[in-house]
There are 2 protein chains.
Amino acid sequence: MDLTEHIAAIPLFEGLPDPQIEELTDIVVDQTFKRGQSIFSDGDPATGFYVVVNGKVKIYKSSPDGKEQILHIFGAGEAFGEVPMFAGGHFPANADTLEQTRLFFFPRAGFVDLIKQEPMLAMNMLGALSRRLRMLAALVDNLSLKEVPGRLAAYILHVSEADDSPDVVELAISKGQLASLLGTIPETLSRILAKMSSQGIMTVDGKKVSIIDRRKLAELAESGKLPT
Amino acid sequence: MDLTEHIAAIPLFEGLPDPQIEELTDIVVDQTFKRGQSIFSDGDPATGFYVVVNGKVKIYKSSPDGKEQILHIFGAGEAFGEVPMFAGGHFPANADTLEQTRLFFFPRAGFVDLIKQEPMLAMNMLGALSRRLRMLAALVDNLSLKEVPGRLAAYILHVSEADDSPDVVELAISKGQLASLLGTIPETLSRILAKMSSQGIMTVDGKKVSIIDRRKLAELAESGKLPT
DNA sequence: CGGGTACTTGACAATGGTCAAGTGTGGTGG
DNA sequence: CCACCACACTTGACCATTGTCAAGTACCCG
């Protein structure tokens, strides 16, 4: 699979005529990062945006004392770092790889012109940003209106549903990262997993979570509380 | 000031050629809401989006037991409810007026076509969504990584800076709404305002907040803690 | 077979939410 | 013009959730 095919396969570029795909192929920068490397940091000036070819990237905010809140985790085919192209000019958060990751970097120069010429590209971009807004709104909802057990329940259900609702789901990320995504710390997550297991809601074995009582899980996700 | 002028003055439509402005004038629906009315609810199917002519609108999520988290507050000239036009099809949150408010409603039909024809409109829309993402990312950062005093400090500074940094700022919203915006409740906000006053950081008189020690406020906003 | 990282568990402290009871204050109607 | 009511805000006592600090265990990678 060569560069052009890779680029044509990116959802963001779906429906783009071939000449434009070629144009993108000319400007793309192919980069590979090792696990745990920083791609950019909050406040860095942005000179373009990225698409994940393979691997995983976390977008996160961090506080002076080292705590992190993950905003998104992006996998193959997903774009990130577009916001500064349309507002600001500097990245609004940090990006690190979670594993070895291959990225396509598209320099800003010229890309904006391409959008202006290609309504399809603009629409795809609008769709991508809109979905992202939806996700962030859901995150705020969770952080602010649910307690940790509720957030965890919602997450498990979300993963299960995204995978056609099997009762056994595999966590794609480490528990430490999951804690950061849920806005808590590993200790708390660990305790809550233990409590949910002991209450017969699910079983946990490493990264494998088996849902036993989906109804109780759903209740919990609706801001219900875990009985003591 | 007639409809066309109003529409031409909306930032989202900046740079649009006159014929398109006329087109918008033909499809716009002019609506007026009283204070405290619901414009749409989380999950409602969306048939278009809105622009605030005057007044104030809060966009918020709410939990089954009635708690609310405000995501945004929009004033004159700002658009909201565009997300479902590009992703989903239903609103991702609730919208209520905070005071008597006049809105322009733009039906979805035709609007998407207009975007495809007018790169300028697409760019404006991308800018609007990008700024919104930035704001939400900042909100998540605050909710997750700062305690309430820090969030309040950041809010006060933000308002002050948006107004060219005067030392006396007027709260645009009620303290109850501010509590919801900061992800807390009126009781807690009240206590923290009292504490900050007694520590000589600022004084509060109704909706008027006078910043006394801007340095301490800035420290606090950087995730510092309020000394007991 | 190390050695470090990830995870778990325990005891403790504290932020902030709940419940309850005031204290204004502005708007309305008598 | 004043009384009254609703509503926004404040204050106090209490307690639940969750973060902190400190060990200890399991596990993966080299």
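Below, chains carry the letters A, B, ... as their sequence lines are ordered, and counting in each starts from 1.
Legend: residues meeting ring-ring contact (aromatic ring centres under 6.0 Å, His included) with B:Y60, ordered by chain and number and at least two apart, are absent. Under the rule for a ring-ring contact (aromatic ring centres under 6.0 Å, His included), B:F33 has no partner lying at least two apart in sequence or in another chain. Residues passing the ring-ring contact (aromatic ring centres under 6.0 Å, His included) test with B:Y155, sequence neighbours excluded: none. In terms of the salt bridge (Lys or Arg N to Asp or Glu O under 4.0 Å) criterion, B:R151 has no residue partners (sequence neighbours excluded).
A:L220 places its CG atom 14 Å from the C1' atom of D:dT17, with the value rounded to the nearest Å. For the pair A:L145 CG and C:dG16 C1', the computed distance is 15 Å after rounding to whole Å. Atom-to-atom, CD1 of A:I185 to C1' of C:dT8 comes out at 12 Å; the value is rounded to the nearest Å. Computed from coordinates, the A:I192 CD1 to C:dG10 P distance equals 15 Å when rounded to whole Å. Distance NZ (A:K195) to P (D:dA16): 12 Å, rounded to an integer number of Å. To the nearest angstrom, P of D:dC29 lies 17 Å from NZ of A:K34. As a whole-Å value, the separation of A:K208 NZ from D:dC27 P is 13 Å. Per the geometry, CG belonging to A:D65 stands 12 Å off C1' belonging to D:dG19, to the nearest Å.
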Exercise for the section: Determine, stepwise, if the pair A:F13 / A:F104 fulfils ring-ring contact (aromatic ring centres under 6.0 Å, His included). Expected result: CA-CA 13 Å; A:F13 302 140; A:F104 286 164; 9.2 Å; no
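Closest approach of A:L143 and A:Q69 over heavy atoms only: CD2-OE1, 4.1 Å.
The phosphate of C:dT18 (OP1 or OP2) has a side-chain N or O of B:K67 nearer than 4.0 angstrom.
Contact annotation for A:G183: backbone-only contact, meaning every heavy-atom pair under 4.0 Å involves sugar-phosphate atoms and none involves a base.
Within the structure, every pair that satisfies the side-chain hydrogen bond (donor to acceptor under 3.5 Å, both in side chains) test and touches residues 30-40 of chain A, not counting sequence neighbours, is listed here: A:D30-A:R102.
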Exercise for the section: List the protein contact pattern of nucleotides 8-14 of chain D with one symbol per nucleotide (5' to 3'): B for base contact, S for sugar-phosphate-only contact, - for none; contact means a heavy-atom distance under 4.0 Å. Expected result: -SSBBB-
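Distances were taken from every side-chain heavy atom of B:V148 (C-beta onward) to each of D:dG19, D:dT18, C:dG16; the shortest belongs to C:dG16.
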